[in-house]
Structures are given as structure tokens and as C-alpha cells.
There are 2 protein chains.
Amino acid sequence: MHQTIIDTLKRNQLSITDSRKKILELFLHAKGALAHFDIEHQSGAEFDRVTIYRTLQTFVEKGIIHTIPTADNSIRYALCKDDCANGHHHDDHVHFMCDSCGTTYCLDHVTVPQVSLPNGFTVTQTDVIMSGKCMKCV
Amino acid sequence: MHQTIIDTLKRNQLSITDSRKKILELFLHAKGALAHFDIEHQSGAEFDRVTIYRTLQTFVEKGIIHTIPTADNSIRYALCKDDCANGHHHDDHVHFMCDSCGTTYCLDHVTVPQVSLPNGFTVTQTDVIMSGKCMKCV
DNA sequence: TATATTTTGCAACGCTGTTGCATTGTATTA
DNA sequence: TAATACAATGCAACAGCGTTGCAAAATATA
């Protein structure tokens, strides 16, 4: 597991630092998506807020994680699948946010249906955000 | 037009105030969705920020406007269609945000496709947010 | 018009996210 | 391994969004 983390960082030409290792580890153990808030608390106040923001930015740029728009106006991040690095728009899965426990899931195996738009509109990205109760909170 | 505004407020049992009239008017003239920022500027610094926030909240509660989650983490609001007041989850249309001009459209006539979820998940709301170029920016 | 009720504006606050800069840590080369 | 170049971190400060409490002003009611 620990080797996976270092490999991932190296593969993306990132230098190995404590914060990057720790934050990547949090994502690997997380069941759903994480917000900055979650990381700040789960990392035990070990790193500066700014470092966390910058690490998240770096991970997004490298395609290690991706952002999820949410209705509650807070950016959430989730791990990308292995081979989704460059040029990938993440058009391919649905996000689900539980109203009860707040957990955000990436439903990787549910594909986003095609939506036909009026003439003149060109689509580069489609996000589907569903909310309701997850399997644990029914 | 002015009468429409007052009617709408009365129909929703809201007292007629300057800010409510002005903000509702802005929505009626707006082509797309509005963010708090837009309203604050378009109303010409006439009202306090707090008043705008509270007015928007009130309008959302009454079902006059609805919120749109966006990828850039800023809440946007758009007018609801006439009869979409209570209990309506706004499952029925797609939102489109133009990467060039930033305009957010409610595509009322494009219906949200059904997405089947894994067992145990219950859906109460589905938001589809598409981005790309709108008809004016192609 | 007088009274009760809402709404507004102000001040203050907390949270999110960003930037600049000095310091520290990591990678690289000999 | 040590010296150097480079990148990441922490700190301080800042801007923006959104909320709350309370007194003043506006609206509705009778």
C-alpha cells in the first residue's frame, strides 16, 4: 500500500513529501469523496491549510483526483481510476450524495446517459449529481 | 410586467418591499441564472448584501426560484416555471453553463434521463449540469 | 391613524480559498 | 556523501461568500 503511494507520486513526477503521502493515503482509505475540511481534520492538523489546498490542486492537475460539484457549495475530491490521467473529462460516471450521512460516492459503473441539446450548444462535460439515501442510511 | 411582480409576491404571501420587487424583476429580465454577485451589482448597490441573501432564501423557500449547483462552486439561482411551487424537486430539466460567457441556462425542454442506481440507493433529486459552448459563443 | 409584525441595515463573525515571501525539505550532480 | 539547484512548506495577510443578532425602519392589519 505504502509502495503504491510512492509509485503514484513518482509516476506523476511529483516529489515525495509528507503531506502528499498522507493526503494520498487518506484518499486511498476513504470510502467516498473528501472535502478540504475532511482532509484538514483527518490529517490531524499536521499540515497547513495552504499546503492542503496546494496539494489538492496539484493532484487535480496530474489527474490523480477529480473534483465533484455539489449542491452544498463545497468542492469535493475523489480518486480517479488508474488510467484516467490526461485529457480525460470524467464524463463517465455519476456522483451520489447522501442526504443523511453526507457521504459522496463515485458510482463508477453507472454511465452518464446521452442528453441531446438544442442546436448550437456544444458539450464538453456532463456532471450528474444525484442525492437521496445511500445503502447504509435507508 | 410590474403587476406580475406584485402578483407573484402576493400569491406567495410575501409582503411587498423594494428589494423583493427589484430582485424579482432582475430574474424576470435575466436570460440565464443569476448568482448573488450578479444581483448585488445589477441592483446598483441599492440593497445590503444581507438583504439579498435573505431575499434569495425566501424566494427559494417559496419555490419562486431554485438553486443550480455549478462546477465553479458558486450558487446560482433561476426562476421556476409558474407551477413548480411546493414539493417540486426540479428533477425535470438540465442546466447548461457556457465556458466562454459564463451564462447559465435552464434547458426546460430537455428532460433528465433516468439513471438506474445500485441496490439500496434511493434518489430524491437528480441534477444534470453540462458545460461547453452555448449557441452565442460557438 | 395607531399597533403589531416583518423586513432591513449594520456590525461582527466564521469558513473557504488565494497570494507573496522567507524558510525548509527534496532531488540532482559530482 | 556533500554541495548545489530546485520545489514544497508554513506563515501572514487578504478577499469573497454566507450567516447571525440586534436595533431601526418599513409594511401590513384593524
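Naming convention: chains lettered A, B, ... in sequence-line order (proteins, then strands); numbering from 1 in each chain. Everything quoted here is computed from the prediction, not taken from an experiment.
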Rounded to the Å, how far apart are [X] [atom1] and [N] [atom2]?
| X | N | atom1 | atom2 | result |
| --- | --- | --- | --- | --- |
| B:I52 | D:dG16 | CD1 | P | 15 Å |
| A:I16 | D:dT9 | CD1 | P | 11 Å |
| A:E61 | D:dA7 | CD | C1' | 14 Å |
| A:I75 | D:dG16 | CD1 | P | 17 Å |

Q: With a 4.0 Å heavy-atom cut-off, tell me which residues in residues 35-44 of chain B come close to DNA chain C, sorted by residue number.
A: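 Result for residues 35-44 of chain B: none.
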Q: Take the angle between the ring planes of A:H36 and A:Y53 and call it parallel below 30°, perpendicular above 60°, tilted in between.
A: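 A:H36 and A:Y53: parallel rings.
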**Q.** Base versus backbone protein contacts along nucleotides 7-12 of chain C [heavy-atom cut-off under 4.0 Å; B, S, -]
**A.** SBBBB-
Donor-acceptor pair, distance only, cut-off 3.5 Å: does the side chain of [X] make one with the backbone of [Y]?
| X | Y | result |
| --- | --- | --- |
| A:T124 | B:S131 | yes |
| B:T55 | B:T51 | yes |
| A:H66 | A:A78 | yes |

Q: Look at the side-chain heavy atoms of Ile, Leu, Val, Met, Phe, Trp and Tyr, link any pair under 4.5 Å apart, and say whether A:Y77 and A:F37 land in one connected group.
A: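 Result: no, two separate clusters.
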Q. So, for B:F121 and A:Y105, is the gap between ring centers shorter than 6.0 Å?
A.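 They qualify: ring centres under 6.0 Å apart.
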For [X], give me all partners under side-chain hydrogen bond (donor to acceptor under 3.5 Å, both in side chains), at least two apart in sequence or on another chain.
| X | result |
| --- | --- |
| B:T58 | none |
| B:K133 | B:S100 |
| B:T103 | none |

Q) Yes or no on side chain to side chain donor-acceptor pair (under 3.5 Å) for B:R20 and B:S15, after CA distance, side-chain angles and deciding distance? A) CA-CA 9 Å; B:R20 285 174 182 166; B:S15 43; 3.3 Å; yes
(Q) D:dG18, OP1 or OP2 - any side-chain N/O from B:Q57 closer than 4.0 Å? (A)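 Negative; the distance criterion is not met.
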(Q) Checking contacts here: which listed nucleotide (C:dG17, D:dT19, C:dA27) is nearest the side-chain heavy atoms of B:Y53? (A)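 Looking only at side-chain atoms, B:Y53 lies closest to D:dT19.
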Q: Show your working on side-chain contact (heavy atoms from CB on, under 4.5 Å) between A:I23 and A:S43 and close with a plain yes or no.
A: CA-CA 7 Å; A:I23 293 176; A:S43 64; 5.7 Å; no
Q.
Please report the end-to-end axis angle for the helix from C:dT1-D:dA30 to C:dA30-D:dT1, five pairs per end, rounded to 10 degrees.
A.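 For the helix from C:dT1-D:dA30 to C:dA30-D:dT1, the axes at either end differ by 40°.
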